[in-house]
Amino acid sequence: MKIELLRAAEAVFSERGLAGARVEDITGRAGVSKGAFYLHFKSKEDCFQQIVEGFVARLASCTEPPENLHDGALCSIEVILERLREHHVAVLEFCWQNRSLLRMMLAGGGGAPYAYLIDEFATRVGGRTERWLRDGIAIGLYRPDLDPVLAAAVLSGGYERLVRELIQQDKRPDLLAWCTQVHRLFQDGMLTPEARAIRDRPVTNEVPAAKAG
């Protein structure tokens with residue numbers, strides 16, 4: 001029953017905002033009594049907080065990069081770059097599917113008191129990005145003179161603004177095209193010349209010529 005109430009509450013909050021939503025709106029959509037609601041939640045604010053906490057946990061899991069992504073012994077730079085792009089497309093897709101809740105948390109709708117949860121999440125992502133950059137420098141993906149702390153702050157801030165832009169769209173954009181363009185903007189300043197040459201290598205189906213002798 002609690003899961004049904006949470007789903008109903010998320011729909012009602014998305015439509016009416018936290019201030020405009022009523023407990024009876026939630027219970028009516030879930031098909032249960034108000035008494036059933038108060039068996040699981042102290043108030044609609046408590047219900048909303050549980051929704052946000054669950055969402056942030058799922059978002060944290062979604063943004064966790066693939067395992068061994070920077071394992072140079074197993075992955076070529078070409079594979080790393082492609083997996084990175086696929087990962088970022090998946091994260092943006094998750095944000096798009098949950099755009100109503102994100103709008104409430106980031107752009108008003110009564111979710112502002114819980115925005116600290118997103119701030120805490122952003123801090124964790126910043127630290128993860130910094131470690132990612134250090135690993136990338138170590139395997140020759142990124143320039144050795146790159147400042148991981150500064151670059152992580154720029155990257156994290158840039159992706160946050162990208163998500164804010166995404167959730168305001170009326171229709172789903174081409175997320176692959178978005179990620180490809182964003183990666184080029186960032187990578188042209190971060191990748192080593194050798195990594196850029198691999199990224200920009202023409203795609204061909206030609207079979208390599210056999211070596212003489």
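Between the side chain of T192 and the backbone N or O of G140, at least one donor-acceptor pair lies under 3.5 Å. Between the D25 side chain and the R22 main chain, a donor and an acceptor come within less than 3.5 Å of each other. Side chain of K44 to backbone of A19: a donor-acceptor contact under 3.5 angstrom is found. Looking only at distances, a side-chain donor or acceptor of R99 sits under 3.5 Å from a matching main-chain atom of W96.
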Inset, instruction - Please test R134 against Y142 for side-chain contact (heavy atoms from CB on, under 4.5 Å), starting from the C-alpha separation and ending with a verdict. - result: CA-CA 9 Å; R134 292 186 188 280; Y142 301 133; over 6 Å; no

Inset, instruction - Tell me, with the steps shown, if E15 and R29 meet salt bridge (charged side-chain N to carboxylate O under 4.0 Å, His left out). - result: CA-CA 12 Å; E15 294 171 2; R29 181 165 299 208; 2.9 Å; yes

Legend entry - Q97 vs E93, side chain to side chain donor-acceptor pair (under 3.5 Å): CA-CA, chis, key distance, verdict: CA-CA 6 Å; Q97 295 298 330; E93 181 64 43; 2.6 Å; yes

Inset, instruction - For R7 and E4, run salt bridge (charged side-chain N to carboxylate O under 4.0 Å, His left out): C-alpha distance rounded to whole Å, both residues' side-chain angles, the deciding distance at 0.1 Å, then the answer. - result: CA-CA 5 Å; R7 289 173 177 168; E4 286 75 12; 5.1 Å; no

Legend entry - Stepwise side-chain contact (heavy atoms from CB on, under 4.5 Å) test for S43 and F48: CA-CA 9 Å; S43 62; F48 183 75; over 6 Å; no

Inset, instruction - Would you sort out whether K2 and Q50 count as a side-chain contact (heavy atoms from CB on, under 4.5 Å), showing the intermediate values? - result: CA-CA 11 Å; K2 184 176 182 179; Q50 291 191 41; 2.9 Å; yes

Legend entry - Derivation of the side-chain contact (heavy atoms from CB on, under 4.5 Å) call for S33 and T27: CA-CA 6 Å; S33 66; T27 56; over 6 Å; no

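Nearest heavy-atom pair, S156 versus G126, reported as atom, atom and distance to 0.1 Å: OG-CA, 3.7 Å. In terms of heavy-atom proximity, F186 sits nearest to G158 at CZ-CA, 4.5 Å.
Put simply, CH2 on W178 and NE2 on H88 are 15.0 Å apart, with the number rounded to the nearest 0.5 Å. H183 NE2 to L84 CG: the interatomic distance, rounded to the nearest 0.5 Å, is 4.5 Å. Within the model, atoms OG of S61 and CZ of F94 stand 8.5 Å from one another, a figure rounded to the nearest 0.5 Å. Remark: R16 CZ to I26 CD1 distance equals 10.0 Å, nearest 0.5 Å. Of the inter-residue distances, the one linking R164 atom CZ with C95 atom SG reads 11.5 Å to the nearest 0.5 angstrom. Atom OG1 in T63 sits 8.0 Å away from atom CZ in R124 (nearest 0.5 Å).
You'll find the side chain of L102 stays beyond 4.5 Å of the side chain of S100, heavy atoms only. The side-chain heavy atoms of N98 and R58, taken from C-beta on, include a pair separated by under 4.5 Å. Side-chain contact between R143 and L191 is absent, with no heavy atoms from C-beta onward closer than 4.5 Å. Put simply, the side chain of R172 does not reach to within 4.5 Å of the side chain of L92, judged on heavy atoms. For the pair R199 and R184, the minimum side-chain heavy-atom distance is below 4.5 Å. Residues T129 and V125 are in side-chain contact: their nearest non-hydrogen atoms beyond the backbone lie under 4.5 Å apart. Taking the side chain as every heavy atom from C-beta outward, F41 and V23 never approach each other to under 4.5 Å. In this structure, L155 and L133 have side chains that are in contact, with non-hydrogen atoms separated by less than 4.5 Å.
With hydrogens and angles left out, the side-chain atoms of E165 and Q169 include a donor and acceptor closer than 3.5 Å.
V154 and V149 fall into different hydrophobic clusters, where Ile, Leu, Val, Met, Phe, Trp and Tyr side chains are chained together by heavy-atom contacts under 4.5 Å. Using a 4.5 Å cut-off between side-chain heavy atoms of Ile, Leu, Val, Met, Phe, Trp and Tyr, with links allowed through other members, L5 and L39 fall into different hydrophobic clusters. Follow the hydrophobic side-chain contacts under 4.5 Å out from L166 and you never reach V91; the two are in separate clusters. Tracing side-chain contacts under 4.5 Å through hydrophobic residues (I, L, V, M, F, W, Y), one reaches I167 starting from L176; they form part of the same cluster.
Annotation for E78: atom CD does not count as buried by contact number, only 12 or fewer foreign heavy atoms lying within 6.0 Å. Counting heavy atoms of neighbouring residues, nucleotides and ligands inside a 6.0 Å radius, atom CG of D145 exceeds 12 of them. Residue-environment remark: CD (Q181) stays at or below the threshold of 12 foreign heavy atoms within 6.0 Å. The local environment of CD1 in I3 is sparse, with at most 12 non-hydrogen atoms from other residues, nucleotides or ligands closer than 6.0 Å.
Scanning for salt bridge (charged side-chain N to carboxylate O under 4.0 Å, His left out) contacts around E10 gives an empty result, with sequence neighbours left out.
Ring to ring, F55 and F121 are not that close: their centroids are 6.0 angstrom or more apart.
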